[in-house]
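For clarity, every value in this text was computed on a predicted model and none was experimentally measured. Just so it is clear: chains get the letters A, B, ... in the order the sequence lines come, proteins before strands, and each one is counted from 1.
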There are 2 protein chains.
Amino acid sequence: MLHTDLAHSTQDCKACPIRHRAVCARCDADELAVLEEIKYYRSFEAGQTVVWAGDRMEFVGSVVSGVATLTQAMEDGRTQMVGLLLPSDFVGRPGRDGAAYDVVATTGLVMCCFRKKPFEQLMETTPHIAQRLLQMTLDELDAAREWMLVLGRKTAREKIASLLAIVARRDATLNLMTPNGKLVFDLPLTREAMADYLGLTLETVSRQISALKRDGVIVLEGTRHVVVPDFSRLLEEAGDDSDGGILS
Amino acid sequence: MLHTDLAHSTQDCKACPIRHRAVCARCDADELAVLEEIKYYRSFEAGQTVVWAGDRMEFVGSVVSGVATLTQAMEDGRTQMVGLLLPSDFVGRPGRDGAAYDVVATTGLVMCCFRKKPFEQLMETTPHIAQRLLQMTLDELDAAREWMLVLGRKTAREKIASLLAIVARRDATLNLMTPNGKLVFDLPLTREAMADYLGLTLETVSRQISALKRDGVIVLEGTRHVVVPDFSRLLEEAGDDSDGGILS
DNA sequence: AGACCTCCTTGACCCAGATCAATCTGCCAC
DNA sequence: GTGGCAGATTGATCTGGGTCAAGGAGGTCT
């Protein structure tokens with residue numbers, strides 16, 4: 001349910017070194033040539049803002065490596081993260097001019113971008129691209145709604161476990177492992193960023209991580225490196241009834 | 001930002017009596033003929049379930065009148081509403097087999113449906129339909145993310161005001177009024193349903209509504225009929241920095 | 001080395017909203 | 001009428017997570 005599995009496909013994409021088939025799995029040679037022509041890469045440092053909410057966005061694209069966040073803020077400073085962009089995730093709003101939310105790199109970040117205008121033209125003449133984008137957007141919508149349950153109804157401990165489970169699963173998928181048994185990964189977010197994602201304060205995040213550590217659900221090395229000895233235990237802690245279709 | 005304004009267009013749609021142009025504003029005569037052929041109506045009573053999460057969904061369509069909700073539940077009973085479907089809102093996941101969430105009518109409900117298979121076929125041969133659906137899905141995604149801020153960061157009072165503002169605005173738009181100054185509408189949800197939408201308990205909902213009434217933000221007649229003497233005041237209470245592009 | 005960051009942890013206390021419980025208000029059926 | 005019931009309100013109390021505050025751990029400067 002969470003995130004698009006298709007987008008994590010290991011199938012190589014000729015128009016883009018990132019191993020996903022978000023755009024071009026069904027493209028013919030001509031279409032690929034266009035994509036290749038309008039493609040470019042951008043790198044960002046940790047903390048750098050990719051685009052500000054409301055700014056004109058000149059591209060659509062995917063995360064090749066690193067992590068970015070989608071964030072919105074109230075004018076009194078309260079902040080809510082509304083999306084977490086991991087490698088292979090798509091960024092952009094075909095047919096829309098402005099960015100809806102701030103996009104910020106939380107680690108070093110490389111993006112594979114397509115210039116927006118010609119991409120949209122390609123989309124208009126290439127039905128399967130619009131269809132693929134629709135599927136991807138439906139996946140994002142599912143993820144957003146899944147997260148609404150986390151925000152609205154889960155306890156702090158369950159929220160933390162849910163976030164860890166998402167990152168762990170995505171990380172495992174990226175490295176072509178099935179996420180059962182032991183998992184090891186690095187948290188790409190500060191405690192404060194996690195708090196903004198989960199609708200908590202950073203102190204509560206810290207306390208609940210300590211609690212999960214104390215209870216043996218996770219092992220921490222340093223502050224970011226996480227070992228999950230038993231993934232299904234983590235899912236239980238997250239209150240997930242489903243396994244997201246990965247375990248079974 | 002919230003909800004698709006295009007979908008509330010007053011332009012009549014020949015394939016469907018509901019005044020939206022979700023599907024067919026750019027359709028030619030042949031396409032309209034197909035749509036007309038695969039179209040049918042369904043009515044539901046308050047409380048009736050339209051589809052269960054996971055069930056095969058045989059149609060896509062729009063709400064003609066009445067209100068429905070999208071709901072997901074944890075197995076311990078905690079429930080989160082992830083979408084509120086008002087007249088002209090679109091339901092369905094083109095290209096997906098199952099429903100992702102329970103769809104429940106909270107009032108009497110009439111839906112305009114298109115049989116899913118032929119609709120998808122039409123979509124595959126008609127680029128502008130896929131593009132239109134993409135735009136609608138992007139709107140839903142924006143609404144979901146907006147709601148994440150409500151769930152994650154707003155106080156109970158702000159949450160209630162946010163919900164009232166959404167319903168008031170949609171209701172006004174439906175009746176072709178601009179939502180400034182005085183607004184009158186009926187709440188289509190029980191206190192419990194509101195609580196499930198807002199991540200609160202029904203008692204808190206009731207208390208906060210009483211508080212907004214006491215403070216003159218709203219006037220209640222009975223338990224469902226709401227008068228908003230000053231819409232901008234309501235938006236302030238909701239903590240909205242923006243007016244959703246409606247006031248200005 | 002020390003000074004100075006940013007990020008994280010932990011403790012003490014507090015409060016918004018949950019929980020538990022009683023009552024009220026229609027409204028329908030008989 | 002009266003009983004029953006679903007929805008709503010209101011009160012009393014409790015508690016999970018927020019707030020405020022004090023260090024700690026690591027890093028990068030000079």
Side-chain angles (χ1 to χ4, degrees), chain A residues 45-48 67 74 76-80 104 106-108 150-164 186-215 218 220-226 237 239, chain B residues 45-48 67 69 74 76-80 104 106-107 150-164 186-215 218 220-226 237 239:
Chain A
E45 293 168 20
Q48 232 183 318
V67 176
M74 299 171 65
D76 64 7
R78 280 177 284 176
T79 292
Q80 179 65 50
V104 181
T106 62
T107 66
V150 173
L151 289 172
R153 291 302 184 194
K154 290 196 177 177
T155 65
R157 171 183 263 244
E158 289 169 335
K159 285 178 173 182
I160 299 289
S162 299
L163 177 54
L164 292 175
D186 283 303
L187 271 175
L189 301 173
T190 65
R191 301 292 187 261
E192 188 179 22
M194 294 175 68
D196 284 340
Y197 200 21
L198 297 166
L200 298 170
T201 59
L202 68 92
E203 293 94 331
T204 299
V205 170
S206 182
R207 270 186 260 268
Q208 295 299 333
I209 288 181
S210 297
L212 289 174
K213 187 169 78 175
R214 175 171 32 73
D215 298 344
I218 58 172
L220 266 187
E221 287 158 21
T223 175
R224 298 289 192 94
H225 193 73
V226 182
E237 292 286 351
Chain B
E45 291 168 22
Q48 230 183 320
V67 177
T69 60
M74 297 170 66
D76 63 7
R78 281 178 283 177
T79 292
Q80 178 65 50
V104 182
T106 61
T107 65
V150 172
L151 289 173
R153 291 302 185 194
K154 290 195 178 178
T155 65
R157 172 184 263 244
E158 289 170 335
K159 285 178 173 182
I160 299 288
S162 298
L163 177 55
L164 292 174
D186 283 304
L187 271 175
L189 301 173
T190 65
R191 300 293 187 259
E192 187 179 23
M194 294 175 68
D196 283 340
Y197 199 22
L198 297 166
L200 299 170
T201 59
L202 69 91
E203 292 95 330
T204 299
V205 170
S206 182
R207 270 186 258 269
Q208 294 299 332
I209 288 180
S210 298
L212 288 174
K213 188 169 78 175
R214 176 169 31 74
D215 299 344
I218 57 172
L220 267 187
E221 286 158 22
T223 176
R224 298 290 193 94
H225 192 74
V226 181
E237 291 286 350

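Looking only at side-chain heavy atoms (C-beta outward), B/D215 and B/E237 stay at 4.5 Å or farther from each other.
When DNA chain D is scanned 5' to 3' for any atom under 4.0 Å from a heavy atom of chain B, the first and last hits are D/dA8 to D/dA12.
Considering every non-hydrogen atom in both B/L200 and B/I160, the closest pair reads CD1-CD1, 4.5 Å. Closest approach of B/M74 to A/G239, counting heavy atoms only: CE-O, 3.5 Å. Across A/V67 and A/P188, no two heavy atoms sit closer than the pair CG2-CB, 3.4 Å. Contact between A/R191 and A/V205 at its shortest, heavy atoms only, is CD-CG1, 3.9 Å.
Residue contacts for B/T190: at a heavy-atom cut-off of 4.0 Å it reaches the sugar-phosphate backbone alone, with no base atom in range. Within 4.0 Å (heavy atoms only), B/G199 reaches sugar-phosphate atoms of the nucleic acid but no base atom. Here A/T223 lies in heavy-atom contact (under 4.0 Å) with sugar-phosphate atoms only. B/T201 comes within contact range of at least one nucleobase, with a heavy-atom separation under 4.0 Å.
Rounded to a whole Å, the NE2 atom of B/H225 is 17 Å from the C1' atom of C/dG26. The nearest whole Å value for the distance from the CD atom in A/E192 to the P atom in C/dT9 is 14 Å. If you measure from atom CG of A/L202 to atom C1' of C/dT9, you get 10 Å, rounded to the nearest angstrom. For A/K154 and C/dG17, the NZ to P distance is 22 Å, given to the nearest whole Å. Look at CZ on B/R191: it is 16 Å from P on C/dA18, rounded to the nearest Å. The distance from atom CD of B/E158 to atom P of C/dA16 is 13 Å, rounded to the nearest whole Å. One atom, CZ of B/R78, and another, P of C/dA18, lie 13 Å apart when rounded to the nearest Å. B/L151 has its CG atom 15 Å from the C1' atom of C/dG17, to the nearest Å.
Along DNA chain C, the nucleotide nearest A/R207 and the nucleotide nearest A/R224 are compared for position; the residue whose nucleotide lies closer to the 5' end is A/R224.
Using modelled atom types, no side-chain atom of B/K213 and backbone atom of B/L220 make a donor-acceptor pair closer than 3.5 Å. One N or O on the side chain of A/R78 and one on the backbone of B/R153 form a donor-acceptor pair closer than 3.5 Å.
For a distance-only test at 3.5 Å, the side chain of A/E203 fails to qualify as a donor-acceptor partner of the base of C/dC8.
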